[in-house]
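Accompanying notes for the structure given below.
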Protein chains: 2
Amino acid sequence: MGVNTEPDVLPEARVIAVAGLGLIGGSLARRLAECGRRVIAWNHRPAPYEQARAAGIECVDDVTDLARAVPDVLVLCTPLKAMPDVLAKLAPVLDSRTVLTDVGSVKGQVRDEVKAAGLNDLYVGAHPMAGNEFSGYAASDPSLYDDALWAVTFDECTSYDRLLVVIDMICEGVGDRIIAIDDDTHDQAAALISHMPHVVSTALANELAETPSRNIAQALAAGCWRDMTRVALTDPDRTRAMVEEDAANVAQLLHHMSDRLESMATLLESGDDEALAQVRDFFAVARPYREYKARERGGAAHESVTVRIGGDEASWRDQLLASAKRGEHIMHMTDRTHAIAEIRTALV
Amino acid sequence: MGVNTEPDVLPEARVIAVAGLGLIGGSLARRLAECGRRVIAWNHRPAPYEQARAAGIECVDDVTDLARAVPDVLVLCTPLKAMPDVLAKLAPVLDSRTVLTDVGSVKGQVRDEVKAAGLNDLYVGAHPMAGNEFSGYAASDPSLYDDALWAVTFDECTSYDRLLVVIDMICEGVGDRIIAIDDDTHDQAAALISHMPHVVSTALANELAETPSRNIAQALAAGCWRDMTRVALTDPDRTRAMVEEDAANVAQLLHHMSDRLESMATLLESGDDEALAQVRDFFAVARPYREYKARERGGAAHESVTVRIGGDEASWRDQLLASAKRGEHIMHMTDRTHAIAEIRTALV
């Protein structure tokens, strides 16, 4: 089993259980089966089982059957709201040789639910940057995971061996790359690049909806407005749930954004030389981001580096977090304490 | 000439002068020439003249030559910053039989410069919703104007006959549609759907650039972040100029946005039942906008209506503005006091 390897041998995820055959879970199960891993799956309705079996996936009737098979990894791919119920069923039967992980987009909340079920010692968080606008097994597609990045998350109790099992599943089993960070760092980053901007986009749409000349404004709208309000058009209930699950981080970033916009309003109203110099500064702050995006568009090659992780209890968390902050994405573990990474993002 | 027609005959724009053969001016000149109007053009450098002449456009050496030809319409397609200089040269030679118009994206500032040159009696503002990310005559393309909407703007001094000449140029000469509104309404709408969102997009990019874990955040970024920050990647000096030209309107809308985001932050931090009900309300405000966009995606047919404009001095401004607010786009004038319009946008 994955977590019972020899000290110098990398633990592997040979048998993988997938709970939930929706878009993300179904695509993952198919990808892992395609790549030669043994996959056992359960879904809350057996509707996708015939297709899944044809794709080489073993299907079981009850979620507890997944635990009873003592897989190396059990991946929770159920909706966040189903998590407490599934965890309560798994807790009495999950073997400590199994690593528990998930694919949820908010890590702090999943961690709290895993803790409430008494399973935190077995758990490593995971979040693949994969998906599309569809849902359900019928929409599943292994190529969703082509060259995808996963965030793998830990807390102060996480076992390094269990982390290595999840990394093996992702890097060797799926063929993807990872960054390994703590839950808070993940959820703050997700709030910045997705949850908070969803609120901003909705606020823009609200401003239009409440403007008396809204039909005139909409008539003049072009690409800028279309892009800035696209995510406001997605299911508002799903957006609201996502924002509420990461409420503290979103709130903090909304304060920042509110301050930034209010400052610009004041500067534009003043309009004196000092204010205009500060307006100029406002437009200069994002220069490193523009330069990074220009390099990316230019197809800059990814530099390959060896990351020393240490692997001792005192330092692996710090070393993995520092690697992620440098913009390195881990492609493979070469041994228990070294990884090959590519520098994919590097904002100075 | 355009403004000297019989009372019951619609004035026409048969001879059109274009000052500035960049992307917008060059494409317009080519489109008008293709559609059989006589086009005379000037550019600050004669580089595009050979190609323009091959496209049937007469080219002149000096901007004053455009005025001396006494065209029905003279369209200023020069950059906003060149406007005062061009207007100063035109003022002594522009014949009162010529209607002066432009294609600038901010109407209040152009109006002020036209007034400063003493030419407001001759002027009608115009702003085509056309363009792309390129510039210069080499990038010009008459199809930029395919099915485009123009905002035509007036103030309390505008002549209805001159407005009709500009409408003839756009609806019959170019084959486009118009809304006719006052300058302030235009600039407030442009601030809402473009200028203010450019500031918001830049503020998002600034937030990323100033976040210590920016490489991690960028690594997790997907479609939402890409769309919300796309316009922050465009030339920041051009964006800054655009924002400063419409500073008062942008500032007002930034206050609104700042308040909306601050309110949401407070509600998310509170998290009690009343706060969560208000969060739900926040996501419901834009429902009419979502419903309108869903109808638009569904390919809803455009309803055709006859707009009665009156044409008397007391009411044509109010009637045109009310028509625009109802979401009607004027396709043709049928006589001096009636137009055929299509309802293209209709947010309740």
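Lettering of chains follows the sequences in order, A, B, ..., and the numbering in each one begins at 1.
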Given heavy-atom pairs under 4.5 angstrom as the criterion, report whether the side chain, backbone, both or neither of [X] touches chain B.
X      : answer
A/L347 : both
A/T211 : side chain
A/L253 : side chain
A/R326 : backbone
A/V231 : side chain
A/M129 : side chain
A/I181 : side chain
A/L149 : side chain

Counting only N and O atoms by type, is there a donor-acceptor contact under 3.5 Å from the side chain of [X] to the main-chain atoms of [Y]?
X      : Y      : answer
B/R240 : A/F283 : no
B/D227 : A/R230 : no
A/N215 : B/K325 : yes

SB check A/R260 B/E210 (cutoff 4.0 Å): yes

Options B/Q188, B/M264, B/R344, ranked by heavy-atom pairs under 4.5 Å with chain A, top entry: B/M264

Top of B/M257, B/R290, B/E244 for chain A proximity - count of heavy-atom pairs under 4.5 angstrom: B/R290

Roughly how far apart are [X] [atom1] and [Y] [atom2], rounded to 0.5 Å?
X      : Y      : atom1 : atom2 : answer
B/S213 : A/H186 : OG    : NE2   : 12.0 Å
B/T202 : A/Y289 : OG1   : OH    : 11.0 Å
B/Q252 : A/L268 : CD    : CG    : 12.5 Å
B/L233 : A/R297 : CG    : CZ    : 6.0 Å
B/H256 : A/L204 : NE2   : CG    : 13.0 Å

Leading residue by heavy atom contact count with chain B [cutoff under 4.5 Å; candidates A/A189, A/A203, A/P197, A/A346]: A/A203

Choice from A/P212, A/G223, A/S194, A/A219 maximising heavy atom contacts with chain B below 4.5 Å: A/A219

Closest non-hydrogen atom pair, B/A205 against A/A286: CB-CB, 3.6 Å

Contact summary for B/L220 and A/A190, nearest pair of heavy atoms: CD1-N, 4.3 Å

Are [X] and [Y] side-chain neighbours, meaning at least one heavy-atom pair lies under 4.5 Å?
X      : Y      : answer
A/F282 : B/V199 : yes
A/M196 : B/M228 : no
B/C224 : A/I193 : no

B/S258 side chain to A/S258 side chain, donor-acceptor N/O pair below 3.5 angstrom: yes

Structural part of B/A248 lying under 4.5 Å from a heavy atom of chain A: neither

